[in-house]
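Everything on this sheet refers to the single structure shown next.
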Amino acid sequence: MGVLDKFEKGVERVVSNAFAKAFKSEVKPVELASALRREIDDRAAVVGRDRTVVPNEFVIELSPVDHEQVVEWGAEPLADELAANVTEHATGQRYAFLGPVTVAFVENDELETGRFLVRSATVRGAVAPATTVAASQRHPLIDIDGQRYLLTGPVTVIGRGSEADIIVDDPGVSRRHLEIRVTPDAVIATDLGSTNGTYVEGHHVPAATLVDGNTITIGRTRILFWTGSDDDEDR
């Protein structure tokens, strides 16, 4: 099954048949997905050995009619499906993101129904989807319940609250539970005064210097940590 086919299946999972009818003669979700894929292909920038960075923040400008239909149906689930599709495409092409992938919709009064524009930007964040297995001391990789993240910022907060950089759906995890700080000399995990504490390799610790292959446990959630030899620096 192709990436766009999987995208269409994903849309079908989160919408009713009314969605297909709503887009009968206007902008189609698959057209938006294709446009975002072309956007990252066109703006891919080689910044080092085996490292090609692509935009991670996207704004889709829609005509008033198309924008209204997207909002009435539910812009958030469509944006989530589009972001997932972009991430999957980037993984297949071994592109790298510098921050989380986001998609937003805005209204443009000058556009005719069925027409749209895509704007994109490369914006560094605390974490980014891991599109390759490469990890480094500068950009470690963590795995949380099968979802992999590249730590692209100096400080990453993991917790249950919306203010965390990585949100974990676990009642045993505090709203701001764990901080992972990447420094030139080491990667340090620090408990942020959580209720249930933080465990590294089974040991209850207030803070610990992480090494390749460590397992961190918060609540019932296991976090696998990887690092390796340094990659080329970002420009």
Side-chain angles (χ1 to χ4, degrees), residues 2-15 18-20 22-47 51-131 147 149-153 156-157 162-167 234-235:
V3 175
L4 287 178
D5 292 332
K6 292 179 68 176
F7 168 74
E8 289 185 306
K9 292 294 183 182
V11 170
E12 288 177 4
R13 284 196 301 270
V14 295
V15 303
F19 177 70
F23 283 89
K24 185 175 182 180
S25 59
E26 289 80 27
V27 169
K28 308 293 193 302
V30 70
E31 294 175 341
L32 301 179
S34 295
L36 294 184
R37 286 154 54 94
R38 287 194 302 272
E39 180 73 6
I40 64 172
D41 287 341
D42 291 343
R43 296 198 57 191
V46 177
V47 297
R51 185 170 174 80
T52 302
V53 172
V54 293
N56 58 293
E57 291 193 359
F58 303 89
V59 175
I60 301 176
E61 299 183 15
L62 298 167
S63 71
V65 171
D66 291 321
H67 185 265
E68 181 181 1
Q69 290 189 342
V70 166
V71 171
E72 288 181 355
W73 169 75
E76 185 174 346
L78 178 57
D80 289 344
E81 287 294 333
L82 287 168
N85 183 260
V86 166
T87 302
E88 185 170 355
H89 177 64
T91 300
Q93 300 299 315
R94 299 183 65 82
Y95 294 149
F97 296 113
L98 296 183
V101 178
T102 63
V103 178
F105 302 102
V106 298
E107 183 176 333
N108 184 335
D109 293 336
E110 296 181 358
L111 289 175
E112 298 178 357
T113 301
R115 309 284 291 182
F116 64 90
L117 297 173
V118 173
R119 292 187 279 113
S120 65
T122 300
V123 181
R124 183 179 293 278
V127 295
T131 53
Q147 181 68 51
Y149 303 89
L150 201 64
L151 306 187
T152 50
T156 302
V157 173
S162 59
E163 65 271 27
D165 298 306
I166 300 177
I167 300 173
D234 297 333
R235 287 182 180 174

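Just so it is clear, the structure is predicted and the values come from calculations on it, not from any experiment.
- No donor-acceptor pair under 3.5 Å is formed between the side chain of Glu68 and the backbone N or O of Val65.
- Looking at Leu150 and Val127, their side chains never come closer than 4.5 Å, going by heavy atoms from C-beta outward.
- Here the CZ atom belonging to Arg43 is positioned 5.5 Å from the OG1 atom belonging to Thr122, to the nearest 0.5 angstrom.
- Contact check for Leu36 versus Asn85: no side-chain heavy atoms found under the 4.5 Å cut-off.
- The number of heavy atoms from other shown groups lying within 6.0 Å of CD (Glu163) is above 12.
- Separation of atoms CD (Glu39) and CG (Leu117) is listed at 10.5 Å; rounding is to 0.5 Å.
- With hydrogens and angles left out, the side-chain atoms of Arg115 and Ser63 include no donor and acceptor closer than 3.5 Å.
- Put simply, CZ on Arg38 and NE2 on His89 are 10.5 Å apart, with the number rounded to the nearest 0.5 Å.
- Note: Thr156 OG1 to Asp165 CG = 5.5 Å, rounded to the nearest 0.5 Å.
- Considering every non-hydrogen atom in both Phe97 and Thr152, the closest pair reads O-CG2, 4.0 Å.
- Expressed to the nearest 0.5 Å, how far CD of Gln93 lies from CZ of Arg37 amounts to 8.0 Å.
- Listed by chain and residue number, Thr52, Val54, Tyr95 satisfy the side chain to side chain contact (heavy atoms under 4.5 Å, CB included) test with Ala44 (two or more places apart in sequence, or in another chain).
- No side-chain heavy atom of Leu62 sits under 4.5 Å from any side-chain heavy atom of Leu111.
- Shown here are the side chain to side chain donor-acceptor pair (under 3.5 Å) partners of Arg94, two or more places apart in sequence or in another chain: there are none.
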The test is side-chain contact (heavy atoms from CB on, under 4.5 Å); show your working for Asp66 and Phe116 and say whether it passes. CA-CA 9 Å; Asp66 291 321; Phe116 64 90; over 6 Å; no
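- Rounding to the nearest 0.5 angstrom, the gap separating the CG atom in Asn56 from the CD1 atom in Ile40 is 10.5 Å.
- Of all non-hydrogen atoms in Ala96 and Thr131, the two that sit nearest each other are CA-OG1, 3.8 Å.
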Which atom pairs, one a donor and one an acceptor, fall under 3.5 Å between side chains of residues 99-108 and the rest of the protein, sequence neighbours left out?
| unit_1 | atom_1 | unit_2 | atom_2 | d |
| --- | --- | --- | --- | --- |
| Asn108 | OD1 | Glu110 | N | 2.8 |
| Asn108 | ND2 | Glu61 | OE1 | 2.7 |

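- Side-chain atoms of Val118 and Val59, non-hydrogen and from C-beta on, never get closer than 4.5 Å to each other.
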